[in-house]
Amino acid sequence: MTDRDTGRAAEIAANLAEVRARVDAACARAGRDPAGVRLLAVTKTFPAADAAALLDLGVRDLAENREQEAGPKTDEVAALRPGAAPRWHMVGSLQRNKARAVVRWAAEVQSVDSDRLAEALGRAAANAIAAGERTAPLDVLLQASIDGDPARGGCPLDGLPELAERVIRSSDLRLRGIMAVAPLGTEPRAAFARLADAAGRLRAEFPSAVELSCGMSNDLEDAIEYGSTCVRVGTALLGGRGLASP
Ligand SMILES: *Cc1c(COP(=O)(O)O)cnc(C)c1O
């Protein structure tokens with residue numbers, strides 16, 4: 001390793017300690033066990049070497065938001081850390097024509113927001129399993145739109161049961177829960193409260209839907225208070241992404 005690599009790895013280690021401390025403190029305030037909150041490191045726009053550094057620090061759950069970037073990066077990380085077996089998550093909006101590519105690397109897709117995407121992923125997962133490109137069914141979270149604004153992606157809260165029905169019809173998809181981003185310009189706690197309510201209702205009808213993925217660098221404490229089981233953290237672990245990034 002060069003000095004620069006060592007410095008970067010130390011910086012990521014310090015950031016990780018800080019994020020874990022924030023998660024632990026939020027869990028303590030909420031009376032929750034920190035083991036019930038997964039930390040997903042969002043590596044979008046950052047190099048494979050940063051993902052490798054996270055794996056060295058024991059972070060196994062990594063996330064990307066664009067297939068075009070993630071496809072090559074996941075291969076690079078596999079080459080850098082052959083034994084590490086990361087679990088990659090797709091958290092960004094996904095075109096149906098990218099389903100085939102995504103199921104090659106993703107253990108889980110958190111951004112399923114339409115019947116047609118669910119169908120495309122089910123078909124793609126079945127084909128990938130038949131071709132020996134993957135062994136397990138694809139874990140799926142339904143992306144919920146808390147404010148129902150269709151422009152920003154996500155399924156309106158009252159459409160979630162119907163979409164869940166579509167997902168469980170495919171034996172190559174495994175319904176795991178829901179994911180959401182707090183809408184811009186609204187108070188995150190009010191948004192998370194509505195989301196938690198919808199998650200509770202979905203879970204009552206679909207017992208496998210135990211995951212609630214919400215909370216990012218800026219609002220993970222509020223999300224944990226409202227029951228998040230999975231926080232997705234980019235900036236607080238790896239730094240700012242600048243203007244070019246989504
Ligand atoms: C980029 C991204 C994140 C991480 O956001 P930060 O504010 O950098 O922590 C979380 N979820 C999704 C869907 C993202 O695209």
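Each ligand, and each atom within it, is numbered from 1 in the order the structure gives.
- Look at Asn218 and you'll find every heavy atom at least 4.0 Å from all atoms of ligand 1.
- Side-chain atoms of Arg32 come within 3.5 Å of backbone atoms of Ile224 as a donor-acceptor pair (strictly under, hydrogens ignored).
- Note: Trp105 and Trp88 have perpendicular aromatic rings, judged against thresholds of 30 and 60 degrees for the angle between ring planes.
- Below 4.0 Å from some heavy atom of Val233 lie the following atoms of ligand 1, by number and element: 9 (O).
- Taking distance alone, with nitrogen or oxygen atoms compared against 3.5 Å, Val42 stays at or beyond that limit from ligand 1.
- Each of the following atoms of ligand 1 lies closer than 4.0 Å to a heavy atom of Gly234: 4 (C), 6 (P), 8 (O), 9 (O).
- No donor-acceptor pair closer than 3.5 Å links the side chain of Arg20 to the backbone N or O of Val23.
- Distances below 4.0 Å separate heavy atoms of Thr235 from the following atoms of ligand 1: 6 (P), 7 (O), 8 (O), 9 (O).
- One N or O on the side chain of Arg232 and one on the backbone of Ser213 form a donor-acceptor pair closer than 3.5 Å.
- Every atom of ligand 1 is numbered from 1 in the order shown, and the set under 4.0 Å from a heavy atom of Val91 is 12 (C), 13 (C).
- Salt-bridge formation is not detected for the pair Arg194/Asp147: no Lys NZ or Arg NE/NH1/NH2 atom is positioned less than 4.0 Å from an Asp or Glu carboxylate oxygen.
- Scanning both residues, Leu142 and Leu160, for their nearest heavy atoms gives CD1-O, 3.7 Å.
- By the criterion of a heavy-atom distance under 4.0 Å, neither the backbone nor the side chain of Gln110 is placed next to ligand 1.
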